[in-house]
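Below: one structure, written as structure tokens.
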Number of protein chains: 2
Amino acid sequence: MKNFKVVLEYDGTNYHGWQVQTNAISIQEIIEKALETLLREKVRTYVSGRTDSGVHAKNQVINFKVSTINMKPEKLMVGLNCLLPEDVAIKNVEEVPIDFDSRKSARSKIYRYVILNRKAPTALERHRCWHVRAKLDVDLMNSCAGYLVGEHDFSSFRGTRCNASHAVRKIFRAAFTAQEDDFIHFEIEGRGFLKHMVRNIVGTLVDVGMGKTTLTEFKSIIDAKDRKVAGLNAPPQGLFLQAVNY
Amino acid sequence: MKNFKVVLEYDGTNYHGWQVQTNAISIQEIIEKALETLLREKVRTYVSGRTDSGVHAKNQVINFKVSTINMKPEKLMVGLNCLLPEDVAIKNVEEVPIDFDSRKSARSKIYRYVILNRKAPTALERHRCWHVRAKLDVDLMNSCAGYLVGEHDFSSFRGTRCNASHAVRKIFRAAFTAQEDDFIHFEIEGRGFLKHMVRNIVGTLVDVGMGKTTLTEFKSIIDAKDRKVAGLNAPPQGLFLQAVNY
């Protein structure tokens, strides 16, 4: 039995998220289909964490196990890229110890959320950002983001139908940085995340940036441990799974 | 008579370039159609410079003149964005002196060419870069790019069917910079450019980066003033008209 770790990039625009489901196309389905074609056996993939419908990944990590294989990792990468549609790209394939698990072995995950903050829309990045027209106070949003760092109960930012056993998560860093052309990047790194957690945090921080929520109110939203007090779920197309560290 | 300057962004993927033509959809056509719908008269637009099929623009500039108008520039922008498809976005509209001409009044134009330099393809940026698998020597490419700066006869990089009266152009700067995730940006600023000039330069510089052309050979390619001695035309999807300065 051999275990392979695969790093992949995908444009989530045309997919109903990572996980296989009936009546909708998922990234997992097309990856497993490509692996089956290439390896001539049913292959089950294990992902570092599911991404939702419309969410992108720069460096998603999966692993899969096969009993027999006579293909070098480099060949596997080339073969998969030939079979996959161009909105899914394999960036690396390597053999890893048999106990490597893309989800459980992860030390941290980094998400990036991209906001375009200007009146005019964007043509080039229209599927890769959230267009917020009202001028945001990024310094204030950054002060609030500081409260997220550390170990907290993130119930206020937990999506419905999240089936994690508890809502305590550890965040290593969370900050906004201004980019060229009125783009703002929010990067957050943590041990793990709850369903919809990053998008719910961004939605709430945008309320802060617009002046709808104060710094004190943001702190009490965290403390409330109640999804009903936080802001809206930011749209999926601004979210990127940037990296998974092992 | 009033004169309006319009800054626009477009994703060139689905268009046959800027200029109106029969049997193919152009950006000029859809802009003029939107202006006609909004202003209820035929409007002719003047562009800072045509872009080819598949080439993008971050800040293309056009101007148009109308006899009567009872709409504020801000309203014009909002109205146009409502009418245009989402791969074309109006970023700014302002009234300018009657003698402003988007092409003739330009002091300089900046183009960016994006190269992805790694073995693995990209899913997210697949329509926004040239994927070059062989490792490029960016330092050497930068040394060669230095030769482009100044006033030169660029006949070696002039596209066929270019109808400029001569090939002498002044380049203010030209350099490659490494970006995150194996991307490389080439930025070139000049008073004006010949047809296909930036893509022909990039194609030739990539030959340098691959070791096919030496620094001395690159210099003699410029001096030769002969299109036949230079490299291939780099693909359109990596090219962006970044800015036009007035």
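Quick note on labels: first sequence line is chain A, next is B, and so on, each numbered from 1. These figures come from a predicted structure and were not determined experimentally.
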Between B:Asp181 and chain A, with a heavy-atom cut-off of 4.5 Å, which part of the residue counts as in contact: side chain, backbone, both or neither?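 Interface part for B:Asp181: side chain.
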Which region of B:Asp87, side chain (C-beta onward) or backbone (N, CA, C, O), has a non-hydrogen atom less than 4.5 Å from a non-hydrogen atom of chain A, or is it both or neither? both
So for atom [atom1], which belongs to [X], do other residues, nucleotides or ligands contribute more than 12 heavy atoms lying within a distance under 6.0 Å?
| X | atom1 | answer |
| --- | --- | --- |
| A:Arg112 | CZ | yes |
| A:Arg118 | CZ | yes |
| A:Leu232 | CG | no |

What's the shortest heavy-atom distance between B:Ala89 and A:Pro121, and which atoms? CB-O, 3.6 Å
Heavy-atom pairs under 4.5 Å with chain B, option from A:Lys119, A:Arg128, A:Arg126, A:Lys91 with the top count: A:Arg126
First locate atom CD of B:Glu86, then atom NE2 of A:His127, and finally report the distance between them rounded to the nearest 0.5 Å. 5.0 Å
Reported OG1-to-CG distance for the pair B:Thr13 and A:Leu124, which is rounded to 0.5 angstrom: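 The CG atom of A:Leu124 is 8.0 Å from OG1 of B:Thr13, to the nearest 0.5 Å.
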Do any N or O atoms from the side chain of A:Glu9 and from the backbone of B:Ala123 form a donor-acceptor pair under 3.5 angstrom?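 Looks like yes, one N/O pair under 3.5 Å.
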